[in-house]
Each structure stands twice: as C-alpha cells, then as structure tokens.
Protein chains: 2
Amino acid sequence: MTTTALKARKEFGKTLASDIAHRLRNEIVTCQLKPNESLKFDALRLSFGASFTTLREALTLLVAEGLVVAEEQRGYKVAPVTLEDLHDLTHARILIEVDLMRRSIEKGDDDWEIRVISSLHRLARIEERAPEDYASNTEWKATHRQFHEALVSASGSPTLLAVRNSLFDRAERYRNLSAMFRPHPRDKVGEHRALMQAAIGRKADQACDLIRSHIQTTSNNVAKYAAGVISAG
Amino acid sequence: MTTTALKARKEFGKTLASDIAHRLRNEIVTCQLKPNESLKFDALRLSFGASFTTLREALTLLVAEGLVVAEEQRGYKVAPVTLEDLHDLTHARILIEVDLMRRSIEKGDDDWEIRVISSLHRLARIEERAPEDYASNTEWKATHRQFHEALVSASGSPTLLAVRNSLFDRAERYRNLSAMFRPHPRDKVGEHRALMQAAIGRKADQACDLIRSHIQTTSNNVAKYAAGVISAG
DNA sequence: ATGGTAGATATTTTCGAAAATAGTTGAAAT
DNA sequence: ATTTCAACTATTTTCGAAAATATCTACCAT
C-alpha cells in the first residue's frame, strides 16, 4: 500500500488511460521521448505502471493526434519530425487558426476579452521575471498556450477547435526541438501584444494577418534552427 | 472450427481492432446504429465477437473521429446529431475542402486527372443503371466518396486530408439520415460533372465555388429533410 | 561467401477474469 | 408519501496470462 513509484496514479483525466495519454503526450511534446523512438510495451509498462491494454488505448489516442505512429503488428513509435511535416502542419495551422480568429473576433463577448487580456498579462509577467530563457519555462509554455487558446475560444466551432488543439501540440514539439539549438529566443512579447490589441479592437483583417505571420515566422525559425535534427523528409 | 458467426474475422485492417473500428464506423454512418444509441460492451461483444479491450480500442478510434462520444466511467454512445453540429461540420468541411481543392488543382498531375475522370465516369454509369434510388445504393456511395477523394488527392497535405476524411464520414451520416425522408434524390450528376470540368480545366476559383456550394446545398437539404429526426441542439 | 530455411527469441495483439465504479431496488425512518 | 441509505445488480475499466506475429540466429546447401 505504500509503494507508489510503479503504481499508476490518476492525476488528470478520470480514466487511467486518458491520464496516461496526457503524460505520454507531454513527454513527446517536450521531446523527453525523442522523435522516431520506438515505444515498446515492456518499457512503457515499467515507467507508467499500467498494463498492456491500458497503454494501448492511450497510444491509440495519440496516433489520432499525430504524435505517435502505429506500424501494425510492429508496434508504435514517436512520430518522426521532418521538414515536409513541418510545412504541412504550418499550412494547416494557418488555414484553421485564421478562420477561428476571424470568427472569434466577430462573436467574442466580454468574457472572451477578459480571457485574452488576462492571459496576455500573465504571459508578459513571466517574461519580465525571466527574460533570458522564458521559452524553456514550463509555466511560460502553459500560459502561451492559454493565450492562443483564448484568442480563438469564442469562435464557436468545436470541430475546428479540436483539430486546432492537436495541431498546436504537434507544433509545440517542433518549437521545443528548435529551442534546444536556438541561442536566444526572439522577443515575442510585442507580437503577442499586437495580436491582443487587434483582436480586442475587432480589427479582424489585421488580426488574421498577424496570426498568419506569427505562425509562419515561428515555423521558419524552427526550420532554421532545428534543421540539423530534422530529417530531410 | 466451423462456427464463424460469432468469431471475429479480419477483413480490412491488419489488426482486429482496426477492422472492428471499420465495421463499427460503417454501421454508425449508415445509421444501423442510431444516433445517441448507447454502445454497451456486452452487446458489442455479441455482435462483433471480440473482447472488451479490443472493442475499447476500436471505440477510442471512433471517438477521435467524432462518430462516438465517451462519457467517462459511463460508457460510450453513438454521437448525437444536432443542427448545431451539422452547421459546425459544414463550415469546417468547406474551409478545408476548398483549400485542398485549390492546391490539388495547382499540383495535380496526369494520374490525378485520370483518377478524377474515371471515378466520375463510374459514378455516372451507376446513376444511369439505377436513376431512381442511386443515393441509397452502396456502390454509388463508395464511388461518390472516391470521386470527391480523387478531386483533392493531389493537394499533398496529409494532415488536412486525414481531417477531411473524418469530416466526410460525419457528413455522410447526416446524408444517410436525410435520405430516409427525402422523397427523391436531387439530380447530382450535373454538379459532379461541372466540378470535374472546372478541376481538370484548372479553373481554380470556379472549382472552389462549386465545391463550396455543393457542400452547402447538400447540408441545407439535409437540414430541411432530416429536421424531424435531428434534435434542436 | 551467399542465400535461404528452421528453430528460438522478442514483441505485439487478443482474450476473459477480476477490480472498480455507477445505477437500482427496497426497506426503514420521518 | 417522501427521503435516506445500504445492499445488490449492471456496466465499465484494468489487469496479466495466452495466442499470434514478427525478428533474430544458427545452420545447411549451393
């Protein structure tokens, strides 16, 4: 009853499988589990303390999100990273995020404005406290995610929002990868503030242009700094 | 050794779970399994002849595709159909399909043209043979799917194509639902032919307009004829 | 040496039982 | 009649063993 190290423990989701999916997702996005790394059941069982079938269910979830690939009868592995995939991903993100942004600006109410403003404020504070390496800060990453989520949260499109979330995770993995090699993070606080102002000011065209170039330049930076570790595709 | 009725049999995918997902998907899309119907494991085990965990994996897959919803600790059920969901779905489909169409027209090579032309030809032949009720014809449905898939198949975007496929399934369920109540299917052969001609003729703007209105009017028809069986949302 | 095959090993996939959780029924108390 | 709570039933969720499949190794034939 006292051994908790190997025993699976629920923290997040209600079921063990969704909880393990959550933890696995995190390890993949942060590249603790490296691209192409094969996910053997014995090893996973050891580190997550769950049984074959529970792990299998968690992996199935991540396959659907594009973070894991299944080679039938030959197991699972962490999805590879390639330049081609990065381009594909970036294109899809821009298409969807721009649409969500425009409709969020149309429909956003007072609560939406508050969510956007307060998450940006929190983000700025974190950057003030640790101006050097905020991009590798776990708290910054979570808040950064919340800010972008807040921007599109009034769009009223559950389907596209769900897709957007998967794509955001996949993109964050690439960002983390490039952060390992990039000397210093570029100053993003300005971009985020401009985004907030355009959104709250209901300047839809401007906000869409900003989000488009925000995603595009981030992707370009990843391609530049992570080129070494990304396979040719 | 001779009893095959209850024994699970692989037909499609390599693993039993993906095969069962395929069969379940089909039953949901064709509304043999009705919206909101609860998917109890005992019943599924009986009709699919697989064990709890295998079924669970298949269901997890379908949850990711939006055809099944999971209520944690309280089982699975067929995703509900609502007017709100139909609108959301239609919006997402137009956004994605238009983008894929434009890029397919840009990049499409000779093989692409052949795929588009031959699938349209097959579709027209089926409609000739059974002009009355082709829309409830299984072969027509499969060919119709292939035609639309062919149109966007040269886009070179695995991510958006995967999303498109899920959305197509979800939309087909609504189409099947409305077909139960619609007196006679409207004549679609003209629309499909125009779509083909615009695509092959590399008239991108025109093709995008056509696909947009094709999806939109289909959705409007569904809303009109299936309003009775679709919950208010 | 090379290519192929049989046996042995490693790994994934599937199963049905056991544990955990939700839902239901019915008796006792107010 | 209504509420409460406890025992019971129904159902989902998790487990580890067993079956199926792939991979590796050693040996033989060419």
Side-chain angles (χ1 to χ4, degrees), chain A residues 1-25 28 33-34 36-64 67-79, chain B residues 1-25 28 33-34 36-64 67-79:
Chain A
M1 301 303 182
T2 53
T3 55
T4 62
L6 295 178
K7 188 64 173 296
R9 175 77 68 78
K10 293 184 197 176
E11 291 176 9
F12 210 76
K14 267 196 170 183
T15 75
L16 182 55
S18 66
D19 186 57
I20 286 177
H22 192 270
R23 290 198 276 158
L24 251 173
R25 183 184 302 117
I28 293 173
L33 288 170
K34 298 196 179 60
N36 282 327
E37 185 170 341
S38 89
L39 299 166
K40 298 242 170 65
F41 281 98
D42 282 339
L44 292 175
R45 212 149 73 94
L46 209 65
S47 54
F48 289 100
S51 86
F52 295 108
T53 33
T54 305
L55 288 165
R56 177 165 260 270
E57 192 187 326
L59 287 170
T60 302
L61 231 15
L62 296 175
V63 168
L67 289 173
V68 167
V69 296
E71 300 171 291
E72 300 203 317
Q73 315 285 19
R74 314 208 302 115
Y76 296 84
K77 66 172 187 176
V78 178
Chain B
M1 301 302 181
T2 52
T3 55
T4 61
L6 296 179
K7 189 64 173 295
R9 175 75 68 79
K10 293 184 196 179
E11 291 176 9
F12 276 100
K14 269 194 169 181
T15 75
L16 181 57
S18 65
D19 186 57
I20 286 177
H22 194 272
R23 291 198 277 158
L24 251 173
R25 182 184 302 117
I28 292 172
L33 288 169
K34 298 195 179 63
N36 282 327
E37 186 169 342
S38 87
L39 300 167
K40 298 242 170 67
F41 281 98
D42 282 340
L44 293 174
R45 213 151 74 93
L46 209 67
S47 53
F48 289 101
S51 87
F52 296 106
T53 32
T54 305
L55 287 165
R56 178 166 261 269
E57 192 186 327
L59 287 170
T60 301
L61 230 16
L62 296 175
V63 168
L67 288 173
V68 168
V69 296
E71 300 171 288
E72 299 203 319
Q73 314 287 22
R74 314 207 302 114
Y76 296 84
K77 66 171 188 177
V78 179

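Labels below follow one simple rule: chain letters A, B, ... track the order of the sequence lines, proteins then strands, and each chain is numbered from 1. In what follows, every heavy atom counts, from backbone to side chain, and hydrogens, waters and symmetry copies are set aside.
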Given C/dC15, C/dT13, C/dG16, which nucleotide is nearest the side-chain atoms of A/F41? C/dT13

Heavy atoms from C-beta onward define the side chain here; which of D/dT21, C/dT14, D/dT12 lies closest to that of A/Q73? D/dT21

Pairing residues for [X] by the side chain to side chain contact (heavy atoms under 4.5 Å, CB included) criterion, not counting sequence neighbours:
X	value
B/A64	A/A64
B/F52	B/F41, B/D42, B/R45
B/L61	A/T60, B/A21
B/V68	B/I28, B/L39, B/L59, B/L62, B/V63, B/Y76

When all nucleic acid strands are considered with a 4.0 Å heavy-atom cut-off, which category describes [X]: base, sugar-phosphate, or nothing?
X	answer
B/Y76	sugar-phosphate
A/L55	nothing
A/T54	sugar-phosphate
B/L39	sugar-phosphate

Quick one: [X] [atom1] to [N] [atom2], roughly how many Å, whole number?
X	N	atom1	atom2	value
A/R45	C/dA10	CZ	P	15 Å
B/K14	D/dA20	NZ	C1'	13 Å
A/R56	C/dT12	CZ	C1'	7 Å
B/F48	C/dC15	CZ	C1'	18 Å
B/L44	C/dC15	CG	P	14 Å
A/K40	D/dT23	NZ	P	11 Å
B/F52	C/dT14	CZ	P	16 Å
A/L46	C/dT11	CG	C1'	16 Å

Closest heavy-atom contact between B/E72 and A/K14? OE1-CB, 2.9 Å

Under 3.5 Å, N/O pairs linking protein and nucleotides 5-9 of chain C:
none

Would you tell me if any nitrogen or oxygen in the side chain of A/R74 comes within less than 4.0 Å of OP1 or OP2 on D/dT21? no

Could you grab the distance from atom CD1 of B/I20 to atom CZ of B/R23, nearest 0.5 Å is fine? 5.5 Å

d(A/L55 CG, A/L24 CG) to nearest 0.5 Å is 7.5 Å

Taking for each residue the nucleotide of DNA chain D bearing the nearest heavy atom, is the 5' side occupied by B/D42 or by A/S51? B/D42

